[in-house]
Undergrad: 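Okay, handing you the structure first.
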Amino acid sequence: MTVRTRFAPSPTGHLHIGGVRTALFSWLYARHTGGRFVLRIEDTDRERSTEEAVQVILDGMRWLRLEHDEGPYFQTQRMDRYREVIERLLAEGKAYRCYCTKEELDALREEQMRRREKPRYDGRCRARTEPRPGVEPVVRFRNPEHGTVLVDDIVRGKVVFDNAELDDLIIARADGTPTYNFTVVVDDLDMGITHVIRGDDHLNNTPRQINIFRALGAEPPRYAHVPMILGADGKKLSKRHGALSVLQYRQEGYLPQALLNYLVRLGWSHGDQEIFTIREMIDLFDIADVNPSASTFNPDKLLWVNQQHLKMAEFEDVEEDLRFQFTRQGIDVSSGPDLRRLFDVQKARTRTLAELAAQSRIFFEDFAEFDAAAAKKHLRPAALEGLRRLRAALAGQEDWSAPSLHQVVVSVAEDLGVKLGKLAQPLRVAVTGTAVSPSIDATLELLGKARTLERLDRAIAFIEARADVTPR
RNA sequence: GUCCCCAUCGUCUAGUCGGCCUAGGACACCGCCCUUUCAAGGCGGCAACACGGGUUCGAAUCCCGUUGGGGACGCCA
């Protein structure tokens with residue numbers, strides 16, 4: 001039997017970290033087993049579903065490269081099918097029309113809460129045969145009254161629910177549209193889903209869904225309820241608790257493989273290994289190894305994982321997102337160093353593409369002024385002689401590659417009889433405006449000869465003016 | 001409130017059938033080293049089996065309870 005998993009988000013907001021992880025687990029499991037991964041958009045709530053949200057989900061999944069093998073299916077396009085199944089259940093007496101008003105149900109709920117009972121529909125319309133004038137009925141599923149339902153969950157183990165705890169849930173609203181717990185069952189059945197991998201918050205829905213499967217004469221799929229991701233406050237991660245849209249992570253310069261790596265380690269591990277390529281995740285991941293306890297989202301670790309992936313990344317792999325960062329930060333990369341070379345130099349020193357772009361601005365644009373602290377410390381009269389000699393040596397330099405430039409700096413330092421640091425730091429501040437940059441030879445190479453000389457002149461003039469030294 | 005789930009360092013986790021656990025790794029934090037800056041890297045430090053009962057020669061590992069945390073209880077998904 002081929003494994004078929006699915007990711008079934010509802011387009012009512014952005015796609016956040018929690019959703020991404022269940023999508024990842026489903027995708028990984030399908031890939032690991034050579035199965036199929038289905039994408040389904042659960043948009044039966046017409047009030048809250050939007051076209052934009054659908055697009056955001058699709059864009060997010062594409063960016064993450066969690067490609068689906070089938071779909072996206074839209075529930076709104078399957079209305080006829082749901083209606084057909086509802087009619088069938090009604091005809092077979094497995095569902096019935098309920099004429100209770102919202103007011104009545106609210107009162108019932110309130111009363112039950114007051115009596116310290118679990119709020120649930122009491123089945124008062126179960127035996128009703130006559131319509132009630134003026135009330136459009138909803139359709140309720142006739143849940144078994146006795147016995148138990150066993151959920152044999154892959155990550156939770158066996159969980160038993162008492163049917164007496166469950167009530168007759170609404171499967172069709174007064175306007176005839178079907179509701180979640182029902183459409184999920186019809187879809188998972190029609191789409192041949194073998195493994196439902198979803199958030200822990202659905203565990204309580206599962207016995208109801210299993211009962212509907214049985215009423216339809218079908219065997220339910222296997223279930224795997226994965227633990228939730230909690231925010232720093234220990235509460236379920238949601239928009240209010242710092243759950244950012246996936247695309248937000250793209251904007252902040254995270255790599256999709258790093259985000260996925262971080263997420264896969266939340267609730268799953270393979271010995272002491274922290275960094276996984278996508279290939280390794282596919283090979284090693286098994287839904288049965290997911291642990292059952294909830295975990296807390298830790299932005300610091302995500303940053304570290306991203307840094308690790310950035311170090312290993314190939315230019316081709318990140319080029320698109322890197323260009324996106326430059327554009328986003330208003331940096332025109334059309335004139336300046338080769339991006340590939342820049343990336344290779346910078347990738348080991350930054351944690352995100354956003355940082356990488358920000359720290360690379362000086363290779364494309366002139367800086368407005370020297371960083372005050374850096375200038376005060378390094379652009380002093382004592383540095384003048386060294387900078388002048390460097391200016392002269394570099395002006396005559398033909399081979400503008402890092403190794404040769406390194407030689408130039410080293411020999412000037414030797415001539416001067418100073419340690420490299422004494423010369424390199426003033427030079428760094430002179431050409432970048434700050435005390436922080438890649439190694440000085442790589443910095444010069446990336447800057448190019450023209451920019452380097454120009455900035456050296458400017459720095460020399462700056463010191464002369466400041467120290468009131470007569471130019472020579 | 002009722003039902004369901006969970007419980008190892010601040011956080012993510014290792015912990016195969018109970019003995020190899022004086023509880024390992026990673027992030028963060030703190031030192032030191034390396035060093036042309038910042039990083040990266042190397043070395044070291046801090047830090048946990050929630051509590052109480054059992055079972056057993058032996059329990060972080062099994063059982064029960066307590067406590068704590070989370071989730072669900074919609075004509076939302």
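Worth knowing before you read on, the calculation uses all heavy atoms, side chains too, and leaves out hydrogens, waters and symmetry mates. All of these numbers come straight from a predicted model, not from anything done at the bench.
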Undergrad: For nucleotides 63-67 of chain B, which of its nitrogen or oxygen atoms have a protein nitrogen or oxygen under 3.5 Å away, and what is each distance?
TA:
none

Undergrad: Going by salt bridge (Lys or Arg N to Asp or Glu O under 4.0 Å), name the pairs with one or both residues in residues 419-443 of chain A, residues two or more places apart or in two chains.
TA: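 Qualifying pairs, neighbours excluded: none.
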Undergrad: Could you pull out all donor-acceptor pairs under 3.5 Å where a side-chain atom in residues 49-58 of chain A meets a protein atom, sequence neighbours excluded?
TA:
unit_1: A:Ser49; atom_1: OG; unit_2: A:Asp45; atom_2: O; d: 2.8
unit_1: A:Thr50; atom_1: OG1; unit_2: A:Ala53; atom_2: N; d: 3.0
unit_1: A:Gln55; atom_1: NE2; unit_2: A:Asp59; atom_2: OD1; d: 3.1

Undergrad: Would you verify whether the NZ or CZ of A:Arg140 falls within 45 degrees of the ring axis of A:Tyr121 while also being under 6.0 Å from that six-membered ring's centre?
TA: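 Cation-pi check for A:Arg140 and A:Tyr121: passes.
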Undergrad: List in chain and number order the residues that pass side chain to side chain donor-acceptor pair (under 3.5 Å) with A:Arg132, two or more places apart in sequence or in another chain; answer none if no residue qualifies.
TA: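 For A:Arg132, the residues satisfying side chain to side chain donor-acceptor pair (under 3.5 Å) (neighbours in sequence not counted) are A:Glu104.
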Undergrad: Could you go over nucleotides 14-23 of chain B and give all protein N or O partners under 3.5 Å, atom names and distances?
TA:
unit_1: B:A14; atom_1: OP1; unit_2: A:Ser269; atom_2: OG; d: 2.9

Undergrad: With the threshold set at under 4.0 Å for non-hydrogen atoms, list the residues of residues 135-148 of chain A touching RNA chain B in residue-number order.
TA: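 Going residue by residue through residues 135-148 of chain A, the ones with a heavy atom under 4.0 Å of RNA chain B turn out to be A:Val138.
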Undergrad: Does any nucleotide pair with B:G10 by Watson-Crick or G-U wobble geometry, both distances under 3.5 Å, and what is it?
TA: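 In the structure as shown, B:G10 has B:C27 as its Watson-Crick or wobble partner.
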Undergrad: Are A:Arg120 and A:Asp168 close enough, and set up right, to give a salt bridge (charged side-chain N to carboxylate O under 4.0 Å, His left out), and what steps lead you there?
TA: CA-CA 8 Å; A:Arg120 51 194 291 285; A:Asp168 293 344; over 6 Å; no
Undergrad: For the side chain of A:Pro119, starting at C-beta, report the closest nucleotide among B:C73, B:C27, B:U13.
TA: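 Nucleotide nearest to A:Pro119's side chain: B:C73.
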Undergrad: Between B:G54 and B:A48, how far apart are the C1' atoms? Round to whole Å, please.
TA: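 Their C1' atoms lie roughly 24 Å apart.
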Undergrad: Listing request: all salt bridge (Lys or Arg N to Asp or Glu O under 4.0 Å) pairs with a residue in residues 259-269 of chain A, at least two apart in sequence or in separate chains.
TA: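 Residue pairs passing salt bridge (Lys or Arg N to Asp or Glu O under 4.0 Å), neighbours aside: A:Arg265-A:Glu274.
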Undergrad: A:Lys118 side chain: which of B:U11, B:C3, B:C75 is closest?
TA: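 Nucleotide nearest to A:Lys118's side chain: B:C3.
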Undergrad: Quick check for you: among B:G1, B:C27, B:G71, whose closest atom lies nearest to any side-chain atom of A:Arg116?
TA: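 The listed nucleotide nearest to A:Arg116's side chain is B:G1.
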Undergrad: Could you tell me whether the phosphate oxygens of B:C12, OP1 or OP2, come under 4.0 Å of any side-chain nitrogen or oxygen in A:Thr296?
TA: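 Yes, within the criterion.
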Undergrad: Return the polar atom pairs (N/O with N/O) between nucleotides 4-7 of chain B and the protein under 3.5 Å, or none.
TA:
unit_1: B:C5; atom_1: O2'; unit_2: A:Arg156; atom_2: NH1; d: 2.2

Undergrad: Which atom pair, heavy atoms only, marks the closest approach of A:Gly176 to A:Ala172?
TA: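 Heavy atoms only, the tightest pair is O-CB, 4.2 Å.
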Undergrad: Please, which pairs that meet salt bridge (Lys or Arg N to Asp or Glu O under 4.0 Å) have at least one residue in residues 346-356 of chain A, sequence neighbours excluded?
TA: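 Matches after skipping sequence neighbours: A:Asp344-A:Lys347, A:Arg351-A:Glu355.
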Undergrad: For A:Asn163 and A:Pro144, work out which heavy atoms get closest and say how close.
TA: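 Smallest interatomic distance, heavy atoms only, reads CB-O, 3.3 Å.
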Undergrad: Under the side chain to side chain donor-acceptor pair (under 3.5 Å) test, which residues partner A:Lys94, sequence neighbours left out?
TA: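 Side chain to side chain donor-acceptor pair (under 3.5 Å) list for A:Lys94, sorted by chain: A:Glu92.
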Undergrad: Between A:Gly267 and A:Asn181, name the one whose nearest nucleotide on RNA chain B is closer to the 5' end.
TA: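 Nearest nucleotide further toward 5': that of A:Gly267.
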Undergrad: Consider the side chain of A:Met228, meaning its heavy atoms from C-beta on, and name the nucleotide among B:A77, B:G71, B:U11 that approaches it most closely.
TA: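 Nucleotide nearest to A:Met228's side chain: B:G71.
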Undergrad: Let's test this: given Watson-Crick or G-U wobble pairing with both distances under 3.5 Å, identify the partner of B:C73.
TA: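 Paired with B:C73, as far as the under-3.5 Å criterion goes, is B:G1.
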Undergrad: Please list, in numerical order, the residues of residues 98-113 of chain A that have a heavy atom closer than 4.0 Å to any atom of RNA chain B.
TA: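 Nucleic-acid contacts, sorted: A:Cys100, A:Lys102, A:Arg109.
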Undergrad: Could you walk me through whether A:Phe141 and A:Phe182 satisfy the ring pair (Phe, Tyr, Trp, His ring centres under 6.0 Å) test, starting with their C-alpha distance in whole Å, then the side-chain angles of each, then the deciding distance to 0.1 Å, before giving a yes or no?
TA: CA-CA 9 Å; A:Phe141 173 69; A:Phe182 173 73; 8.7 Å; no
Undergrad: Let me have a per-nucleotide readout for nucleotides 35-50 of chain B, 5' to 3', with B, S or -, counting only protein heavy atoms under 4.0 Å.
TA: -BBBSSS---------
Undergrad: Is the distance between the ring centroids of A:Trp268 and A:Phe285 less than 6.0 Å?
TA: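 Judged by ring-centre distance (under 6.0 Å), A:Trp268 and A:Phe285 do meet the cut-off.
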